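First comes the structure, then the notes that go with it.
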Amino acid sequence: QSRSSAASDVYKRQLHGLIAAAACLSALGCTTPQPNTAPIKTELLLQSSESWDGTPYTAYPSGAPQLTLIRLNIPANTQLPWHSHPIPNAAYILSGELLVEARESGATRTLRQGDTLAEMVGIEHRGSTGDTPVELLVFYAGSPGIPLSQTH
């Protein structure tokens, strides 16, 4: 193999690695793609600068960033307590149906499997399930020492 061809092969491998790394940054799971496989697909699930009721997010907490991802299972026929979040967070419904409700405004939204939700910050709200349990992923963008939620 010629020196030029060998250099080209190295370049192609490096480029393939960079493409795989970029795809990992935009996906929840990551595996290194093999040559001649199907293309990596990405789907933007949620991007918002305001919570589900239209309230704008104003700032992140100060301090070092701390990301938290929680899988939450809420039993059927459960009403969560009124609570608020001091930090931005977002949810993805894996299964079931969840009714979210803002305490002061009375605004509500029903979420089903595959739905996303930009959560409220500093606003009291709660969630309720119906006849089936709900499983969701919740991602929080906070700082060490700041609670994820506060019960009211």
Side-chain angles (χ1 to χ4, degrees), residues 13-152:
R13 284 195 303 275
Q14 289 173 339
L15 181 59
H16 183 74
L18 289 173
I19 292 169
C24 289
L25 293 175
S26 64
L28 289 176
C30 177
T31 58
T32 304
Q34 300 301 314
N36 301 319
T37 61
I40 295 171
K41 295 179 183 177
T42 62
E43 177 183 2
L44 179 63
L45 298 175
L46 174 67
Q47 185 174 57
S48 183
S49 57
E50 60 186 33
S51 65
W52 64 267
D53 71 334
T55 303
Y57 293 133
T58 57
Y60 281 108
S62 61
Q66 182 177 49
L67 304 179
T68 305
L69 180 62
I70 295 175
R71 181 185 302 258
L72 187 60
N73 291 285
I74 307 171
N77 302 305
T78 298
Q79 187 170 69
L80 299 175
W82 292 107
H83 64 281
S84 64
H85 304 284
I87 56 176
N89 64 93
Y92 178 80
I93 308 298
L94 295 169
S95 64
E97 185 174 293
L98 182 68
L99 173 70
V100 291
E101 170 186 14
R103 186 177 217 167
E104 188 174 313
S105 70
T108 62
R109 177 170 292 171
T110 300
L111 304 164
R112 294 173 181 83
Q113 181 179 9
D115 287 344
T116 60
L117 178 75
E119 270 277 31
M120 301 172 143
V121 175
I123 298 173
E124 291 182 36
H125 62 281
R126 66 180 173 191
S128 302
T129 61
D131 293 335
T132 59
V134 172
E135 183 176 23
L136 61 152
L137 296 175
V138 186
F139 170 81
Y140 298 87
S143 293
I146 296 177
L148 302 179
S149 67
Q150 301 162 320
T151 303
H152 297 275

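Please read all numbers here as calculations on a predicted model, not as lab measurements.
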Which heavy atom of [X] sits nearest a heavy atom of [Y], and at what distance?
X	Y	result
Tyr60	Ala141	CE2-CB, 3.9 Å
Gly96	Ile93	O-CG2, 3.9 Å
Ala64	Pro144	O-CD, 3.1 Å
Ala91	Leu136	CB-CD1, 3.8 Å
Pro86	Pro147	CG-O, 3.1 Å
Ile146	Pro61	CD1-CB, 3.3 Å

Min side-chain heavy-atom separation [X]-[Y] under 4.5 Å:
X	Y	result
Arg103	Arg126	no
Ile123	Glu104	no
Leu69	Leu67	no
Val138	Leu148	no
Arg109	Asp115	no

Pair His125, His83: side-chain N/O donor-acceptor within cut-off below 3.5 Å: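 A donor-acceptor contact under 3.5 Å links the two side chains.
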Passing option when Ser84 is tested against Glu119, His152, Glu124 for side-chain hydrogen bond (donor to acceptor under 3.5 Å, both in side chains):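 In the set Glu119, His152, Glu124, the residue that makes a side-chain hydrogen bond (donor to acceptor under 3.5 Å, both in side chains) with Ser84 is His152.
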Value rounded to 0.5 Å, distance of [atom1] in [X] from [atom2] in [Y]:
X	Y	atom1	atom2	result
Ile70	Asn73	CD1	CG	11.5 Å
Leu45	Phe139	CG	CZ	13.0 Å
Leu98	Leu80	CG	CG	7.0 Å
Gln113	Leu94	CD	CG	8.0 Å

Chi angles and distances behind the side chain to side chain contact (heavy atoms under 4.5 Å, CB included) call for Thr55, Met120: CA-CA 7 Å; Thr55 303; Met120 301 172 143; 5.8 Å; no
For the pair [X] (side chain) and [Y] (backbone), establish whether a donor and an acceptor sit closer than 3.5 Å, ignoring hydrogens and angles.
X	Y	result
His85	Val121	no
Thr129	Thr78	yes
Asn89	Ile87	yes

All salt bridge (Lys or Arg N to Asp or Glu O under 4.0 Å) counterparts of Glu50, not counting sequence neighbours: none
Set of side-chain contact (heavy atoms from CB on, under 4.5 Å) partners for Thr110, sequence neighbours left out: Glu97, Leu99, Arg112
